[in-house]
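In what follows, chains are A, B, ... by sequence order, proteins preceding strands, each numbered from 1.
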There are 2 protein chains.
Amino acid sequence: MVTIAEVARRAGVSPSTVSYVLSRKRSISEDTRRKVEAAIAALGYHPHAGARALASNRSNVLALMVPLRSDMYVPVIMEIAMAVATEAREFEQDVLLLTKDEGTGGVRRIAGSGVADAMILMDVELDDDRVPVLRETGTPSVLIGLPADTAGLTCVDLDFEATGAVCVDHLADLGHRDIALIGESEAVYRRHTGFAARTLTGFQRGVAERGLRAVHRPCEGTYESAAGVLARILEERPTTTGFVVQNEAAIAPLLSLLRLAGRVVPEDTSVVAICPDQVALQSSPRLTSVSIPAEEMGRRAVRQAMAQLEGNRRSSLTLLPPRLTVRESSAAAPAV
Amino acid sequence: MVTIAEVARRAGVSPSTVSYVLSRKRSISEDTRRKVEAAIAALGYHPHAGARALASNRSNVLALMVPLRSDMYVPVIMEIAMAVATEAREFEQDVLLLTKDEGTGGVRRIAGSGVADAMILMDVELDDDRVPVLRETGTPSVLIGLPADTAGLTCVDLDFEATGAVCVDHLADLGHRDIALIGESEAVYRRHTGFAARTLTGFQRGVAERGLRAVHRPCEGTYESAAGVLARILEERPTTTGFVVQNEAAIAPLLSLLRLAGRVVPEDTSVVAICPDQVALQSSPRLTSVSIPAEEMGRRAVRQAMAQLEGNRRSSLTLLPPRLTVRESSAAAPAV
DNA sequence: ATGAAAGCGCTAACAG
DNA sequence: CTGTTAGCGCTTTCAT
């Protein structure tokens, strides 16, 4: 292990000077800086993370808590995690990976052990038990998703309510009068994850404003569930020509099933998905969709966390506006 | 911040005694232990990670390096990462998330800064430039995947060669004479990721041993690519009745396309996939498959890493045997 | 079975 | 612009 003392000796300066060269917390003569940097490079010096954390009371680590068994939206989680890891490095921070099943104990452990400076929490539920602990311990934190009470919290999420409305507007603009929302599984609504409910709210608002008729059906990610849901919709309301799909696992089955049912997309039936661009692009036909800005959310979360560590403690809600991209799965409603 | 000194004072013992209660490195009287534990609970004490790392020269952190942009097998990566995180906690270790794009610099940083005790690397390429750095720095490490030269390394992976052979055997046993391997994208072969090549080797060996006729075609994860590949196979060798699919993104398109081509699975055509169980189960029909034991690999990797930290420095190769599960996508070949 | 005390490597006053 | 030094909180000899 090469230490700061060895670097200092080799550069012919004191250890504190080396430290200051690294932290740029006071001005250093050009000459000294060069000598120190040369010594660092020559020795392959890396500051000892623990020693630094102990002395500075900063670990330079962000803890990221991810859902353990996310049957759904795995790619989104992955993309967020990668974005967090990448953006964190821009701030010379590392990322500690925690699973949500560590629960409140995990939050306390992180808050109490100084292993991380701030936390980023994913898969936030409306009544999330980690939130009170965050408040109580005062841990700098950013939530990806919205709990019911956001007072004093920093949250980042897609504006799902606007998303629901935007999808309706798009279909209404194309002349569709009867539309359906194929939602997340019952479990998601039951777990009180906010985004599904917010999408529904926006969807219903849009439907009311545009004077459409609509149905909403939860749907598991399986082929069977999609088949059942679609069959029921086509039976109960065969005039339905527009679909909004939120459960990305249901997209592929739905497209197959529509084909089997003799519906041609987009000539007979339009489909708008709420999913990552990647999923929309690898479907056939490529889907008109509102993308889930996973990378953007991850980046924002990191920046918000860093802002808090800089001293900004004010709470903030960042709701990213939905961006609908028209592709090949939506078109004018068929003439009656 | 509650410190060990406060716990000691409250329990009426010395700090070192508290430390020993925690580390169980020397025997403590039942009475003392209870008092200390009570104090810890009452104060909500958590040892300061940095201080501990500094004093003990152990960070209790495992670094996990994951591919940044994994167009393919995202669920597998996710499952491995979650398994690593979960298993690590069993050893009271935390997991640091690094992206592969940090490259050799990242490895050096981890090795030099004491931020982690060991590394687990995913997405290992045949000629991976991180491997020499691992050897040079002597960092305790486990590779998930196999590089070309495994000398002195600890590796964990599915036995893809046996996997290829097992798929062939299954189809041969069912009477299929002409089979096809729909592989990963060209990019994967080009990047010299070992598993694709090893699968092909096993496949070809099986084909030779069982006296079958076979074709192998790389395939991107898109619908278009799958369509092109399938069309070509059906044209060049229309007697093909058995398919082995390795690229999980190609599975859904392939099934749709077979249906469109008038092939009924499994009556006319059998499909065997190499994919996570989750993917096999959510397809329709449910797929006969060799599962990618992602969780098992993650767990094993952690155990191997811990074993190294315990002093076992001997290199080891762990090749998990393939497990083929027969589901609804394979059946006896149609009579000629 | 327990305590006292010497660091671990670094940062941040304080001093010049 | 640079050096000296006192800790940060913990582990681990050494001592009893």
Side-chain angles (χ1 to χ4, degrees), chain A residues 1-37 39-40 43-61 92 94 109-117 309, chain B residues 1-37 39-40 43-61 92 94 109-117 309:
Chain A
M1 243 251 111
V2 26
T3 72
I4 201 171
E6 298 175 50
V7 174
R9 198 173 324 125
R10 174 156 185 149
V13 300
S14 77
S16 65
T17 297
V18 176
S19 175
Y20 285 117
V21 166
L22 255 17
S23 70
R24 22 184 83 257
K25 282 188 179 169
R26 73 183 187 191
S27 47
I28 300 284
S29 75
E30 194 43 42
D31 185 48
T32 301
R33 152 161 286 122
R34 253 202 316 280
K35 280 192 293 198
V36 169
E37 279 166 352
I40 289 176
L43 298 174
Y45 169 71
H46 291 274
H48 188 284
R52 177 173 267 189
L54 182 56
S56 67
N57 208 23
R58 281 276 248 119
S59 65
N60 293 102
V61 168
E92 310 217 315
D94 270 309
R109 186 170 66 83
I110 301 307
S113 68
V115 71
D117 300 323
L309 295 178
Chain B
M1 246 253 108
V2 26
T3 71
I4 200 171
E6 298 175 50
V7 173
R9 198 174 323 124
R10 174 156 185 145
V13 300
S14 78
S16 64
T17 297
V18 176
S19 175
Y20 283 118
V21 166
L22 256 16
S23 68
R24 24 184 82 255
K25 283 189 179 168
R26 74 182 185 191
S27 47
I28 300 284
S29 75
E30 195 43 43
D31 185 49
T32 301
R33 150 161 286 123
R34 255 201 317 277
K35 279 191 294 198
V36 169
E37 278 164 355
I40 289 176
L43 297 173
Y45 169 71
H46 291 275
H48 187 285
R52 177 171 266 192
L54 182 56
S56 67
N57 209 23
R58 280 275 248 125
S59 64
N60 293 101
V61 168
E92 311 216 313
D94 269 310
R109 185 169 66 82
I110 300 307
S113 68
V115 70
D117 299 323
L309 294 178

Given B:Asp117 and B:Val61, is the side chain to side chain contact (heavy atoms under 4.5 Å, CB included) satisfied, shown in steps? CA-CA 6 Å; B:Asp117 299 323; B:Val61 168; 5.6 Å; no

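Checked by atom type, the side-chain pair B:Ser16/B:Ser19 shows no donor-acceptor distance below 3.5 Å.
For the pair B:Arg24 CZ and D:dT11 C1', the computed distance is 17 Å after rounding to whole Å. One atom, NE2 of A:His46, and another, P of C:dC8, lie 21 Å apart when rounded to the nearest Å. Across the protein-nucleic acid pair, B:His48 atom NE2 and C:dG9 atom P stand 17 Å apart, rounded to whole Å. Taking atom CZ of B:Arg58 as the reference point, atom P of D:dT11 lies 12 Å away to the nearest angstrom. Between the C1' atom of D:dG3 and the CD1 atom of A:Ile4 lies a distance of 13 Å, rounded to the nearest Å. As rounded to whole Å, 7 Å separates atom P of C:dT11 from atom CG of A:Leu22. The interatomic distance linking A:Ile28 (CD1) with C:dA12 (P) rounds to 13 Å, in whole Å. Protein atom CE of A:Met1 is 13 Å distant from nucleotide atom P of C:dC8, rounded to whole Å.
For the OP1/OP2 pair of D:dT11 and a distance below 4.0 Å, the side-chain nitrogens and oxygens of B:Ser23 include no atom meeting the criterion. The shortest distance between the side-chain N/O atoms of B:Ser16 and the OP1/OP2 oxygens of C:dA5 is not below 4.0 Å. Considering only side-chain N and O atoms, B:Tyr20 lies nowhere under 4.0 angstrom from the phosphate OP1 or OP2 of C:dA4. Between B:Lys25 and the phosphate of D:dT11, there is no side-chain N or O to OP1/OP2 separation shorter than 4.0 Å. For the OP1/OP2 pair of C:dT11 and a distance below 4.0 Å, the side-chain nitrogens and oxygens of A:Ser56 include no atom meeting the criterion.
At a threshold of 4.0 angstrom between heavy atoms, the contacts of B:Thr32 are confined to the sugar-phosphate backbone, with no base atom among them. Within the nucleic acid shown, B:Thr17 comes within 4.0 Å of sugar-phosphate atoms alone, with no base atom in reach, counting heavy atoms only. Within the 4.0 angstrom heavy-atom criterion, no nucleotide atom of any strand lies near A:Val18.
Checking C:dC8, D:dC10, D:dT12 against every side-chain atom of B:Leu54, the shortest atom distance belongs to C:dC8. Here C:dA4 is the nucleotide among D:dT2, C:dT11, C:dA4 with the atom lying nearest to any side-chain atom of B:Ser14. Each of C:dT2, D:dC10, D:dG3 was ranked by its minimum atom distance to the side chain of A:Arg26; first place goes to D:dG3.
B:Arg52 and B:Pro47 get closest at one heavy-atom pair: NH2-CG, 3.5 Å. For A:Ala8 against A:Pro15, the heavy-atom pair with the smallest separation is CB-N, 3.5 Å.
The line from CE of A:Met1 to OH of A:Tyr45 is 7.5 Å long, rounded to the nearest 0.5 Å.
Mapping B:Ala55 and B:Arg33 onto DNA chain C by nearest heavy atom places B:Arg33 closer to the 5' end of the strand.
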